[in-house]
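Written out below as structure tokens is the structure these notes cover.
For the single chain, residues carry numbers from 1 onward in sequence order.
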Amino acid sequence: MTAETEPSHPVTGLDDVVHQRVRLGILTIAHEARRVEFGYLRGQLQLTAGNLSQHLGVLETAGLIEVEKGYEGKRGRTWITLTAAGRTALAEEIARLKLLIARVETTDQ
């Protein structure tokens, strides 16, 4: 194969917004839970509230999540849900990661 006919390496398709460790965790948990509370995310990912807020801001700006603020009783709460674009971005990232894994697993040692 020549450089022109060889498909690009799967790593070239990884999305830096999605692939970052914390943001990938947020998207994965939100996908599993459908709607996840800020405090739960903070605990599961072992983050400070400020750090989590920054990552949520990046994902919200990218249109991958929706952030909903409200109350549960008298306590303020923040819930996170994936958007359709977020579900697509997560699925594409997982597909790329599977391609990378397959390349490693099929390479002769």
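Considering only heavy atoms from C-beta on, Val11 stays 4.5 Å or farther from Arg96 through its side chain.
Scored by the side chain to side chain donor-acceptor pair (under 3.5 Å) test, His19 finds Glu93 as partners (sequence neighbours excluded).
Hydrophobic clustering (ILVMFWY, side-chain heavy atoms < 4.5 Å, transitive): Leu24 and Ile101 are in distinct clusters. At a threshold of 4.5 Å between side-chain heavy atoms, the hydrophobic network of Ile, Leu, Val, Met, Phe, Trp and Tyr places Val18 and Leu99 in two separate groups.
The CZ atom of Arg23 sits 9.0 Å away from atom CG of Asp15, with the distance rounded to the nearest 0.5 Å.
Listed here is the closest heavy atom pair of Pro10 and Arg103: CD-NH1, 3.3 Å.
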How far apart are the C-alpha atoms of Lys98 and Ile94, what are their side-chain angles, what is the distance that settles it, and do they pass the side chain to side chain contact (heavy atoms under 4.5 Å, CB included) test? CA-CA 6 Å; Lys98 286 179 179 179; Ile94 297 301; 3.7 Å; yes
Report, one line per pair, each donor and acceptor closer than 3.5 Å where one atom sits in a side chain of residues 59-82; sequence neighbours left out.
unit_1 : atom_1 : unit_2 : atom_2 : d
Thr61  : OG1    : Gly57  : O      : 2.8
Glu68  : OE1    : Arg35  : NH2    : 3.3
Glu68  : OE2    : Arg35  : NH2    : 3.2

Pairs of donor and acceptor atoms involving the side chains of residues 42-54, under 3.5 Å and at least two apart or interchain, shall be tabulated with distances.
unit_1 : atom_1 : unit_2 : atom_2 : d
Thr48  : OG1    : Asn51  : N      : 3.1
Asn51  : OD1    : His55  : NE2    : 3.1
Ser53  : OG     : Ala49  : O      : 3.0

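Side-chain N or O atoms of Thr12 include none that pairs as donor or acceptor with a backbone N or O of Ser8 at under 3.5 Å.
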